[in-house]
Trainee: 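First the structure, which I've put down as structure tokens, then a few questions once you've had a look.
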Amino acid sequence: MDEFCNSTFWNLSLLKSPEADLPLCFEQTVLVWIPLGFLWLLAPWQLYSIYRSRTKRSSITKFYLAKQVSVVCLLILAAIDLSLALTEDTGQATIPPVKYTNPILYLCTWLLVLVIQHCRQCCIQKNSWFLSMFWILSLLCGVFQFQTLIRALLQDIKSNMVYSCLFFVSYGFQIVILILSAFSESSDSTHAPSATASFLSSITFSWYDSTVLKGYKNPLTLEDVWDVEEKLKAKSLTSKFETIMTKDLQKARQALQRRLKKSQQSPEGMSHGLTKKQSQSQDVLVLEEAKKKKKKSEDTQDFPKSWLVKALFKTCYVVILKSFILKLAHDVFVFLNPQLLKFLIGFVKDPDTYPWVGYISAILMFAVTLIQSFFLQCYFQFCFVLGMTVRTTIIAFVYKKALTLSNLARRQYTIGETVNLMSVDSQKLMDVTNYIHLLWSSVLQIALSIFFLWRELGPSILAGVGLMILLVPVNGVLATKIRKIQVQNMKNKDKRLKIMNEILSGIKILKYFAWEPSFKEQVNSIRKKELRNLLRFGQLQTILLFILQLTPTLVSVVTFSVYVLVDSQNVLNAEKAFTSIALFNILRFPLSMLPMVISSVIQASVSVDRLERYLGGDDLNLSAIHHVCHFDKAVQFSEASFTWDPDLEATIQDVNLDIKPGQLVAVVGTVGSGKSSLISAMLGEMENVRGHITIKGSIAYVPQQAWIQNGTIKDNILFGSEYNEKKYQQVIEACALLPDLEMLPGGDMAEIGEKVRGARNLEGNPSIRIGAGLRDSLGSVLSFRTMEEEDASGWLLFSQTRILVTHGIHFLPQVDEIVVLEKGTILEKGSYSDLMDKKGVFAKNWKTFMKHSGPEGEATVNNDSEEEDDDCGLIPTAEEIPDDAASLTMRRENSLRRTLSRSSRSGSRRGKSLKSSLKIKSVNALNKKEEVVKGQKLIKKEFVETGKVKFSIYLKYLQAVGWWSLFFIVIFYVLNYVTFIGSNLWLSAWTSDSEKQNGTNNSTSQRDMRIGVFGALGITQGIFLLSSSLRSIYACRDASKTLHRQLLTNILRAPMSFFDTTPTGRIVNRFAGDISTVDDVLPQTFRSWLLCFFGIVSTLVMICMATPVFAIIIIPLSVLYVSVQVFYVATSRQLRRLDSVTKSPIYSHFSETVSGLPVIRAFEHQQRFLAHSEKQIDINQKCVFSWITSNRWLAIRLELVGNLIVFCSALLLVIYKNSLTGDTVGFVLSNALNITQTLNWLVRMTSEAETNIVAVERINEYINVDNEAPWVTDKKPPADWPKKGEIQFNNYQVRYRPELDLVLKGITCNIKSTEKVGVVGRTGAGKSSLTNCLFRILESAGGQITIDGIDIASIGLHDLRGRLTIIPQEPILFSGNLRMNLDPFNKYSDEEIWRALELAHLKSFVAGLQLGLLHEVTEGGDNLSIGQRQLLCLGRAVLRKSKILVLDEATAAVDLETDSLIQTTIRNEFSQCTVITIAHRLHTVMDSDKIMVLDSGKIVEYGSPEELLSNMGPFYLMAKEAGIESVNHTEL
């Protein structure tokens, strides 16, 4: 090498002087070739990656031109250098090879750089990390030659000036290019800044500066947050995951089959045949559910296992590999600092060492900590993005699975439990993937720590290691116990959320019956168990934390003690002690994190099991449903047998049925005959036993209970179809929606809620008609229609095949074919005349019906008469509400044919005027952005707090924690750190003993005292920490308890208007996510913040005690810290709020989807709903990603400032070397190295505290929701009130919400004792509002209601509601047993309940159940038919038997048979009561004493039926249309 340069290559003596330098030959060869070698070795791989990731070429930017011009200049300089080398007369025989070799290498290199920079223009990211690293390496290596040449010029004027100038100019250009490379180039604004950021911008997260600045100036909104990259979006992730998952799940299923074969010693010959005499309907299948659940749980314990983690790993292996490499590099760098610390202590102790050695050490220490920071933060970014990816994949896939999951598998989960999979379990997996590398990293760090400690203290370290090994089993036992508690608590959380979901779904029933206290008690009893487990969980975690905190202290005490005791020659000096302390500090992190990670893995394993069970569930099997395009039948059942549960007999048995295209087919039968199941079988919702169904074309489906989405009426009608003005107008007219839309604020742009509870925002029940419109909006597209219970648009569907399941038989003469079902088989089928001629079951039922209904039945059939030329059928009347819409269909089908040919008629004129006015509204709304009409918006946008979290929120939480508890926690933490400072000072004094005694043996007594006091201080420190942690566990548990109690109490006391305007998902989110944060995250954040705060204070105190000058450096660095924190917290806080707010729509949409699955599947709209869900997930994901990045942005800046503290400390020690001792240096630097991490964590914990306190803020928002009137007041009515049941309305007025108009406008009337009053009126007249007023669901806007002389507004709500009885429109049941559904307070004896069931015609049914009154009712009462549910509601009324009974369209959803049973019971059992009936069918109120006719919120007629029929007023017109001429005609 000497010949290559013509000078000395290496001379060690050059370093042994005060002004050390490297030989020029070494600088011109090795230090030049290192960066060039890096570039050329990696160039092929770099060019290949450019080729793979290329996109269209971007336009030329100024940055690109500047970089290319700079490289061209370097090329020119290299060429000049080469020409000079070849032409220069050096006076030597030959030119040194280095003179022309280096310029040639540079020429080739700069050409390669030009090519790479040019090719990068085809990539999204223009600046390569690879080139940036090359420039950094080149500049770092060039520094040595730079200073050598400057020294040469200063010392020797005759040195090669030209070569030096060329080098300096070249070096300057390289600096310029590096600066240009630091800026991000983006020629396309569609890409997120993270995708286009340069290498230096990426590792420092500078690309995020603009967002932080924006967040500091103004609270961030969703528009300010960048979308995530395409590869991170839900759709990309799920498609990638699905491909991998399919294979792994298949293998897991095969493994399951093998396991089952082994476990089954004798095959179970389960007969699925049709052996039982009685078949059951869809809703009455699970008769022995409680018993079966135990038996089934044994069978269903096993499921495809161990596939989810594999599939996730394969999906994300690239990110996992990158983060692994970064973590490994970081861990290696961590152990360089203690060695540098040892070197610096030796440097200060040795007065002969040259100062440059100290300065180099200080610079090296700074460089090592800086590189360490970059590795760590990039590793964290990868890990957190990995966690987010896993969470997104799980949420998106749980949703996707819900769309395809079989009915049998779906029945095992409530909506609450499935939402938990999305919210809690996905979060648990996210948390564990964030720190998954610590599993191996902790072991590596522990091993390396032990290795370096062995080098310091020799075999003595084995004593400490032995102690650590002894503590491992203890940690294992604690971790196992924690897992069990975690599993139990997840179950409790599921149960609590399930009940909360039901409470929120049936809140109106709870209010009607004053049942809130009973359900509150149910939730509280589960919550009590949850809190008990939470406390045990916290106690075990605290003991674990205590052991972890104590371990390094005990290990150091034991190790130092053994070291000085085993050999009198062993002296504990500063180098050994403080290097060991630095290593022990490193050891502390893996020791504390490893059990936490193991605990996280344990918690996640529970979630993995739950997710594997759900995602591995069976999908719908549609193999028996054949969809064909060319077929002579519209539907064909071929020997079709279907069941809801393979363990039970078939519900649909051997059905053979042909339906021709264009036919209108009615399916009739008794309750539980299998009518609904027949439709469900066609939709593929049931399990196939044998046979198949062939369907021509596609299906539209209107279920018995209308499924309405949150959104506008228009969106619900269109249901994803393209808007066609003409067809849309036809549909809403055909569905009789014009008058309703005219009445509603905002017309068809009015919002309707997810449940459309009774008369909430749609008076009466236009929801079914909206449902019909929704399905009909696809009229010309679909060739096949299924209508269940509703077909209010028959004329539009005239050319389509229609299957109509109905209980109303009076219009059956109009249908093409009638199918009579019983016990799942077809008894009879044929046209009306054929069946009547057969004189079978149908003919008998028809005759029975005709006896009951008289001319009413005839009137509906005979609608070809000339008297109907006015086409009243177009305008809905009191008779034309939900269930009778089928008869309306027939009338309208004929009348509309005539109307279309005679469009000038008066009836159609009115329809047209309404239509045109609606059309004008729609056009106006489309043409210009009008102000939202008052009352149009139903669902309020979720309120997002902005700016700093109010101090009152912190006080709210601290108040819940308890001031005395807080005082003791702080005192114990202070004492913990006082002992920490004491132990550090004591160790410093101990190490100085060796110097004072100059290596001579110190006295045994002093040595023993040093050991004893050091050990005692360590143990005391642990005890104080344990005390403070335990106290905080109890205090935070009390805070959780208080906040949940207040939230639950207030939600139950909220008025109905709150539930009308707030989606269930939003409220559930408070009880799920926010309460979970208060339970688990906040207490941990609270403890960590206190630990960090007192840790920093104690460290600063110790450093300043040793070197007071350090206090001066702290001031500017503190200013930097605070400013970074202020910028960060403003952004982070708002991002956490946006994260919370964007989560709710995901869960709301999911709940909505699950409840409407049959409709979504029937319309084949799964992809549209999936796309909407993915969009919602991506909106949430961009907030999460932005929040993760904000943390990295903060951390890298804080660590930079922390690294400056280390650098300044080291620099001060070098400068003041002569006035310091070794123990002081060790003392200062070991604490300075520690403070970086602690300061970082303090800012993180401050931000965590502020972002997590948002949960308390959100809970507090609902704690402060306005309450309805008090449940109980001082003024109590008499015990036997109401004795008579007299009701007086005095100028009574009411409105639904403050911003809406009055719905009742001055109602005045008297209802006498025991009077039976029927309330009739068209949709929107105010009938249901009247009911709500009696129960004070709606509070008075004027006037009063008195019952037996007492103003109902003057008494408590429960005193009022507990004395009234209602049979509501919607028969809502709750999960639990039958007895609980009848008597939640256990007020009545079993005899009374059986008596009530007998009167409700349910005794034989309940007696036939294996568990009788303890028979389990599933969520929403899904395992009972609607008729049975309504009869149970009648049972509730009979049981309560109050003096006033309200029937709110109670027979709206039941068949004539059930209706008749209900009416009979009411007449017999409530003969001495005042009965108010909201009319649904006119015949139900014709035997009333009085009839109240409402119109537009006013009483237009009030009197006996005879009087009103003779008055020729509005009631007369209704009766005439329904074919009722006198009261006698309608008697049942």
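Being a predicted model, the structure only gives us computed values, none of them experimental. All residue numbers in this chain count up from 1 along the given sequence.
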Trainee: Do other residues, nucleotides or ligands put more than 12 heavy atoms under 6.0 Å from K314 NZ?
Mentor: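 Atom NZ in K314 is crowded, with more than 12 foreign heavy atoms closer than 6.0 Å.
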Trainee: How are the rings of H1149 and Y399 set relative to one another: parallel (under 30°), tilted (30 to 60°) or perpendicular (over 60°)?
Mentor: parallel
Trainee: For the residue pair Q381 and R1192, confirm or rule out a side-chain donor-acceptor distance under 3.5 Å.
Mentor: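 Q381 vs R1192: no donor-acceptor pair found between side chains.
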Trainee: Tell me yes or no: between the side chains of T1131 and Y216, is some donor less than 3.5 Å from an acceptor?
Mentor: no
Trainee: So do the side chains of W440 and K327 get within less than 4.5 Å of each other, counting heavy atoms only?
Mentor: yes
Trainee: Passes side-chain hydrogen bond (donor to acceptor under 3.5 Å, both in side chains), D1079 versus S1076? Steps please.
Mentor: CA-CA 5 Å; D1079 284 351; S1076 187; 6.0 Å; no
Trainee: Applying salt bridge (Lys or Arg N to Asp or Glu O under 4.0 Å), run through R1070 and E1261 and close with a yes or a no.
Mentor: CA-CA 10 Å; R1070 300 298 193 278; E1261 182 195 339; 3.2 Å; yes
Trainee: Look up atom CG in N420 and atom NZ in K493, then write down how far apart they are to the nearest 0.5 Å.
Mentor: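 Between N420 CG and K493 NZ, I get 7.5 Å after rounding to 0.5 Å.
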Trainee: Less than 4.0 angstrom from a charged side-chain N to a carboxylate O is my criterion; do D1178 and K235 meet it?
Mentor: no
Trainee: Please state whether the rings of F380 and Y435 are parallel, tilted or perpendicular, taking 30° and 60° as the class boundaries.
Mentor: perpendicular
Trainee: Determine whether a donor-acceptor pair (N or O, by modelled atom type, separation under 3.5 Å) exists between the side chain of S198 and the backbone of A182.
Mentor: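 A pair under 3.5 Å: yes.
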Trainee: Can you tell if the side chain of Q1176 reaches within under 4.5 Å of the side chain of T1142, non-hydrogen atoms only?
Mentor: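 Contact flag for Q1176/T1142 side chains = no.
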Trainee: Got a salt bridge between K400 and E242, using NZ or NE/NH1/NH2 to carboxylate O under 4.0 Å?
Mentor: yes
Trainee: Evaluate the side-chain hydrogen bond (donor to acceptor under 3.5 Å, both in side chains) criterion for residues S1132 and W1187: first the C-alpha distance (whole Å), next the side-chain angles of each, then the deciding distance (0.1 Å), finally the verdict.
Mentor: CA-CA 6 Å; S1132 173; W1187 181 74; 3.1 Å; yes
Trainee: Consider side chain to side chain contact (heavy atoms under 4.5 Å, CB included). Of T1153, L620, V1154, which one does L403 pass it with?
Mentor: T1153
Trainee: Decide, yes or no, whether a salt bridge links D618 with R410 under the criterion of side-chain N to carboxylate O below 4.0 Å.
Mentor: no
Trainee: Could you give all pairs that pass the salt bridge (Lys or Arg N to Asp or Glu O under 4.0 Å) test and reach residues 195-205, with sequence neighbours left out?
Mentor: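 Qualifying pairs: none.
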Trainee: Between R1161 (side chain only) and G684 (backbone N and O only), is there a donor and an acceptor less than 3.5 Å apart?
Mentor: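 Such a contact is absent between R1161 side chain and G684 backbone.
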Trainee: Can the ring centroids of F1163 and Y701 be said to lie less than 6.0 angstrom from one another?
Mentor: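 They do not qualify: ring centres at least 6.0 Å apart.
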Trainee: Please determine if K310 and D248 form a salt bridge, counting it only when a charged side-chain N lies under 4.0 Å from a carboxylate O.
Mentor: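 Between D248 and K310 there is no salt bridge, as every charged N stays at least 4.0 Å from the carboxylate O atoms.
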Trainee: How about T221 and D224: does a side-chain donor come under 3.5 Å of a side-chain acceptor?
Mentor: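 Distance-only check passes for T221 and D224.
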Trainee: Indicate yes or no: at least one non-hydrogen side-chain atom of Y614 is less than 4.5 angstrom from one of E417.
Mentor: no
Trainee: Tell me, yes or no, whether the heavy-atom count around F374 atom CZ, taken from other residues, nucleotides or ligands under 6.0 Å, exceeds 12.
Mentor: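 Yes, CZ of F374 has more than 12 neighbouring heavy atoms, counting only those of other groups under 6.0 Å.
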Trainee: Taking the side chain as everything from C-beta on, heavy atoms only, tell me whether V228 gets closer than 4.5 Å to K233.
Mentor: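 Yes; the side chains approach each other to less than 4.5 Å.
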Trainee: Within the 3.5 Å criterion, strictly below it, is a donor on E685 or N407 matched to an acceptor on the partner's side chain?
Mentor: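 Looking only at side-chain atoms, N407 and E685 do form a donor-acceptor pair, the distance falling under 3.5 Å.
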Trainee: Under the rule for ring-ring contact (aromatic ring centres under 6.0 Å, His included), what residues qualify as partners of Y1128, not counting sequence neighbours?
Mentor: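 So Y1128 forms no ring-ring contact (aromatic ring centres under 6.0 Å, His included) with any residue.
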Trainee: Show the nearest heavy-atom pair for residues L237 and L232, with the distance to one decimal.
Mentor: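 Scanning both residues, the minimum pair turns out to be CD1-O, 3.3 Å.
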Trainee: Can you check whether R1197 reaches F1127 side chain to side chain, under 4.5 Å on heavy atoms?
Mentor: no
Trainee: Could you go step by step and tell me if N1180 and D1139 meet the side-chain hydrogen bond (donor to acceptor under 3.5 Å, both in side chains) rule?
Mentor: CA-CA 6 Å; N1180 174 247; D1139 173 31; 2.8 Å; yes
Trainee: Nearest 0.5 Å please: distance from the OG1 atom of T315 over to the CD1 atom of I244.
Mentor: 3.5 Å
Trainee: Measuring from atom NZ of K1143 to atom CG of L1138, what distance do you get when rounded to the nearest 0.5 angstrom?
Mentor: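 Interatomic distance, K1143 NZ to L1138 CG, rounded to 0.5 Å: 12.0 Å.
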Trainee: Verify whether one side chain among H437 and Y379 offers a donor that lies under 3.5 Å from an acceptor in the other.
Mentor: no
Trainee: Do S1144 and N1069 pair up side chain to side chain, a donor and an acceptor below 3.5 Å, judged on atom types alone?
Mentor: yes
Trainee: Let's go through D1074 and T1077 carefully: what are the C-alpha distance in whole Å and the side-chain angles of both, what is the deciding distance for side-chain hydrogen bond (donor to acceptor under 3.5 Å, both in side chains) to 0.1 Å, and is it a yes or a no?
Mentor: CA-CA 5 Å; D1074 293 323; T1077 301; 5.1 Å; no
Trainee: Testing V424, D431, L429, D425 one by one against Q427 for a side chain to side chain contact (heavy atoms under 4.5 Å, CB included), which residue passes?
Mentor: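 Exactly one pass, corresponding to D431.
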